[in-house]
> 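Provided herewith is a single structure, encoded as structure tokens, for subsequent inquiry.
All figures in this text were calculated on a predicted structure; none of them were measured in a lab. Below, chains carry the letters A, B, ... as their sequence lines are ordered, and counting in each starts from 1.
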Amino acid sequence: MKQDAHASESHSSDTGEIRRQALYLALAAIPLGKVTSYGELADIAGLGRAARWVGRELSRLPDGSKLPWHRVVSASGRPSLAAGTLSGTEQRARLRAEGVTFRNDRLDMRLHGWRPGDRSG
DNA sequence: GGTGCGGCTGCAG
DNA sequence: GCTGCAGCCGCAC
């Protein structure tokens with residue numbers, strides 16, 4: 001059966017909110033010292049291929065957020081943020097602080113890459 | 001309700 | 001390994 005529209009007063013953007021929370025949950029699930037890609041994170045959150053949307057949401061996160069946004073990098077293992085930017089520098093600093101080693105502005109996804117069910121964490 | 005855009009991704013050169 | 005191009009999904013005009 002289908003629920004009537006006026007039954008859910010927050011129908012205007014509840015789906016978007018749920019997706020956002022799913023994203024936050026998936027992001028919070030990334031263990032320390034591990035990283036994941038935008039596409040992977042989107043898949044984990046059940047968003048499919050909405051990798052770009054993930055990146056956009058991460059950029060909208062407040063500075064005081066407890067979420068490990070710095071653990072999200074591109075699939076190639078390179079931070080999407082430019083090294084010259086403030087956020088880019090902070091991302092690299094946080095990752096290195098967690099034990100992630102960089103090599104030529106890139107990290108080893110085979111070593112630091114995380115996926116749901118990974119026993120490394 | 002259609003169009004454009006995005007912190008991406010995968011493939012080809 | 002880097003650059004260029006097309007595909008994808010969801011959000012903001």
> Can you check the A/Arg20 CZ to C/dC11 P distance for me, whole Å?
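Atom-to-atom, A/Arg20 to C/dC11, this comes out as 8 Å.
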> Kindly compute the distance separating NE2 (A/His70) from CD (A/Glu90), expressed to the nearest 0.5 Å.
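Those atoms lie 9.0 Å apart.
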> Within a reach of under 6.0 Å around CZ of A/Arg94, are more than 12 heavy atoms found that belong to other residues, nucleotides or ligands?
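More than 12 within 6.0 Å, yes.
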> Of all the heavy-atom pairs spanning A/Pro116 and A/Ile44, show the shortest one and how long it is.
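Here A/Pro116 and A/Ile44 meet closest at CG-CG1, 3.5 Å.
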> What's the CG-C1' distance between A/Asp105 and C/dG1, to the nearest Å?
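Distance check: A/Asp105 CG to C/dG1 C1' gives 14 Å.
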> Just the rounded figure in Å: distance from P of C/dC9 to CZ of A/Arg19.
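It is 12 Å, rounded to the nearest whole Å.
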> Grab the CG-P distance between A/Asp43 and C/dC8 for me, whole Å please.
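Result: 16 Å.
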> If a stem is a run of at least 3 consecutive Watson-Crick or G-U pairs, both distances under 3.5 Å, which stems include DNA chain B?
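Stem list for DNA chain B: B:2-6 with C:9-13, B:8-13 with C:2-7.
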> Would you mind reading off the distance between A/Arg78 atom CZ and C/dG1 atom P, rounded to a whole angstrom?
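To the nearest whole Å, that distance equals 12 Å.
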> Atom CG of A/Leu67 and atom CG of A/Leu23: how far apart are they, to the nearest 0.5 Å?
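Rounded to the nearest 0.5 Å, the CG-CG separation comes out at 8.0 Å.
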> Considering the options A/Lys34, A/Arg71, A/His112, which one meets the side-chain hydrogen bond (donor to acceptor under 3.5 Å, both in side chains) requirement together with A/Glu98?
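Result: among A/Lys34, A/Arg71, A/His112, A/Arg71 is the only option passing the side-chain hydrogen bond (donor to acceptor under 3.5 Å, both in side chains) with A/Glu98.
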> Kindly give the heavy-atom pair with the smallest separation between A/Pro79 and A/Phe102, and that separation in Å.
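So the two residues come closest at CG-CE2, 3.9 Å.
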> What's the shortest heavy-atom distance between A/Trp114 and A/Ala26, and which atoms?
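Closest approach of A/Trp114 to A/Ala26, heavy atoms only: CZ3-O, 4.5 Å.
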> Roughly how far, to the nearest 0.5 Å, is CG of A/Asp63 from CG of A/Leu86?
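Output value for this atom pair is 8.5 Å.
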> Which letters describe nucleotides 1-13 of chain B, given B = protein heavy atom under 4.0 Å from base, S = only from sugar-phosphate, - = neither?
-----BBBSS---
